[in-house]
Amino acid sequence: MSQDRLIIFDTTLRDGEQSPGASMTKDEKVRIARALEKMRVDVIEAGFPIASVGDFEAVKAVADTIKESRVCGLARALEADIDRAGEALKEANAARIHTFIATSPVHMERKLRMSPDQVVEQAVWAVKRARKFTDDVEFSAEDAGRSELDFLCRIFEAVIDAGATTINVPDTVGYNLPSQFGDTMRHLLERIPNADKAIFSVHCHNDLGLAVANSLSAVMNGARQVECTINGLGERAGNAALEEIVMAVRTRQDKFPCDTTLDTTQIVNCSKLVSNITGFPVQPNKAIVGANAFAHESGIHQDGVLKHRETYEIMRAEDVGWTQNRMVLGKHSGRNAFRSRLEELGIDLGSEAELNAAFARFKDLADKKHEVFDDDLQALVTEKGIEAENERIRLVALRVVSETGEVPNADVTLSIDGQERSVSAEGSGPVDAAYRAIEALVESGADLKLYSVNNITSGTDSQGEVTVRLEKGGRLVNGQGADTDIVIASAKAYINGCNKLLAPAERAHPQVGDV
Ligand code: KIV
Ligand code: ZN
C-alpha cells in the first residue's frame with residue numbers, strides 16, 4: 001500500500017451499534033453497508049459474530065452482499081470468537097478478522113487477570129489462528145491509550161511476526177491528548193523493528209471530545225488507517241466521526257501527507273441513512289453533516305459568500321453531498337422521472353417490484369403534498385426498509401379527536417396476523433391516545449424509551465418523521481414512520497417497532513449479550 005493512501009475503516013455497524021439504543025436489524029445493516037460501499041469505504045466492520053446468532057447472521061449477510069469493500073468481523077483473542085468470525089466471513093469477496101486483547105495494566109490485572117507474558121502469548125496465538133481463515137488480520141491492543149509504550153512495542157512486534165497485517169492503537173476510553181497520541185504513534189513506528197510489515201491504525205473514542213483531533217494527530221505521525229463511524233456514533237460519547245476525518249484530510253492536503261479514496265459526495269446520504277435507522281438525530285451545528293453546517297446567518301457572512309464563496313467557506317456543500325433540497329417531482333410526474341431522480345440521489349431500489357411499490361407510495365404522498373423534495377424521497381426509501389421487515393401488524397385505520405377542553409381520543413383498527421380488530425382509547429394527547437389504543441390491541445408490553453419527531457422538509461405540509469425506541473426483556477428495537485400527518489407517522493413508527501419485537505429474536509443488542 002502506498003504511504004500516501006489513508007485507509008478508512010468504518011465501524012458504524014459494530015462500535016457504532018454499541019451506542020446505547022442504536023440497534024440495527026440485519027436488513028438495516030446491509031442497507032448501511034451498501035451505502036458505505038457506494039462511498040468507497042475501504043473496510044466495513046460489520047459486527048461481532050460471537051455476540052449472538054443474530055450478530056453472526058448480520059455479519060454474514062454483509063459479507064455475502066458487499067463486493068467492493070473489505071468486510072471485517074470482530075473477535076476477542078479466543079478460539080470460539082475467531083472461528084465464528086471466520087465462519088461468518090467465509091463468502092466475503094475480501095475478508096478481515098479483527099482480533100483484540102487488552103494491554104493496559106488496569107485491564108490486564110483487573111479484567112483479564114493475566115500476566116503481560118500471558119497476554120502476549122494469547123495475542124500471538126490468536127493472530128495465527130485468524131490467519132488460518134484469511135491473510136488479512138488486524139490486531140488491536142485494547143486500551144492502548146493507557147498502556148505502557150514498551151509493552152506495546154513488545155506485543156506489536158510479536159503479532160506482526162505472527163502474521164498481523166494491521167496494528168490498531170485504540171484510545172478505548174478517550175483519555176489521550178492530540179500531541180501525546182501523535183507521539184505514541186511516532187514512537188511505535190520508530191521503535192518496532194518490523195513496523196514496516198504492517199499498516200498502523202488508530203481507533204479513538206470521544207470522551208473528552210478529542211477523538212477526531214487524536215486520530216488526525218496519529219495520521220500526521222504515520223498512522224495510515226483510521227477507524228471511525230458515521231455521525232461519530234459509538235460506545236459512550238462515540239467514536240471519531242468519519243465525515244470529519246475524511247473532510248479534514250481532504251481540505252487540508254497542504255498539511256496531510258496522505259488522502260482517502262472516498263467519494264465524499266455520498267457523506268450526507270450515509271449520515272441521513274444512519275440517523276434514520278438508529279434514531280440518533282444529527283445536531284444542526286454538527287460539522288459537515290449538520291443542517292446548519294453550510295448555512296450563513298449573519299449579513300456580513302452572506303454578503304461575503306455572495307461576492308466570493310471562499311470568503312467564508314472552506315468546503316463546498318455539494319462536495320459532501322448537500323444538494324439544493326429542490327422540488328423534484330409533483331403528482332403529475334411519471335415513473336421515469338421518479339426513477340431517474342432516485343438514481344441521481346444514489347438510491348438503488350434493487351428490483352422493479354420495489355421501484356413500483358416506492359412509486360405507489362410516492363403517488364400517495366404527492367396527492368397529500370404538492371411538492372415532493374429530495375428528503376421526502378429519502379424517507380420513502382426508509383419506508384421501503386420498514387416494509388421489508390416481517391410485518392405481522394398493519395395499520396388499517398386511525399381517527400383521532402383532539403379538541404380544546406376535551407380528553408383526546410383515538411379509534412384504531414389494526415390487522416394482526418390477517419385479522420382486523422378495532423379499539424378506542426383516551427390519552428393525554430392524540431399521540432398518547434393512539435399509542436394506548438395500539439397497545440391495547442397488540443399487548444406488546446414494551447417500554448417506550450424514546451419518541452422523537454422531526455420534520456423532513458420545511459413548511460407545515462412537511463412529512464413528520466417519527467422514531468420510537470422500544471425495550472422488552474433486554475431487547476431494544478427502533479421503529480420509524482413518516483407521514484404528512486404526525487399522528488399517523490407516530491402510529492406507523494410504534495407499529496414498526498412492535499413488528500420488530502414480534503419478529504423472532506434476530507439478535508440481541510451487543511450491550512445486552514454476555515460478551
Ligand atoms: O475501543 C476499543 O478498544 C475497541 C476495540 C475492540 C478495537 O472498540
Ligand atoms: Zn471502540
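In this text, all values refer to a predicted model and were calculated from it rather than measured experimentally. Both counts, for ligands and for their atoms, begin at 1 and track the order of listing.
By the 6.0 Å contact criterion, NZ on Lys67 is enclosed, its count of non-hydrogen atoms from other residues, nucleotides or ligands being greater than 12. Under a cut-off of 6.0 angstrom, the local environment of CD in Gln118 is crowded, with over 12 non-hydrogen atoms contributed by other residues, nucleotides or ligands. No more than 12 heavy atoms of other residues, nucleotides or ligands lie within 6.0 Å of NZ in Lys128, so this atom counts as exposed by the packing criterion.
For the 3.5 Å distance criterion, the side chains of Glu227 and Asn168 qualify, holding a donor opposite an acceptor. In this structure, a donor-acceptor pair under 3.5 Å is absent between the side chains of Asn214 and Asn176.
Annotation: atom 4 (C) of ligand 1 to nearest protein heavy atom, His203 NE2, 3.5 Å.
For ligand 1, the polar-atom distance check against Asp15 finds a nitrogen or oxygen pair separated by under 3.5 Å. At least one N or O atom of Thr172 sits closer than 3.5 Å to an N or O atom of ligand 1.
The angle subtended at the Zn ion (ligand 2) by NE2 of His203 and OD2 of Asp15 is 90°, given to the nearest 10°.
Between Glu57 and Lys60, no side-chain nitrogen of the basic residue sits less than 4.0 Å from a carboxylate oxygen of the acidic one, so the salt-bridge criterion is not met.
Ligand 1 lies less than 4.0 angstrom from a heavy atom belonging to Arg14. In this structure, His98 counts as a contact residue of ligand 1, since one of its heavy atoms falls inside 4.0 Å of the ligand.
Residue Glu142 approaches ligand 1 through these ligand atoms, each under 4.0 Å from one of its heavy atoms: 3 (O). Each of the following atoms of ligand 1 lies closer than 4.0 Å to a heavy atom of His205: 1 (O).
When atom types are taken as modelled, the side chain of Ser147 and the backbone of Ser104 share a donor-acceptor pair closer than 3.5 angstrom.
Distances from the Zn ion (ligand 2) to the N/O/S atoms of His205 are shortest for NE2.
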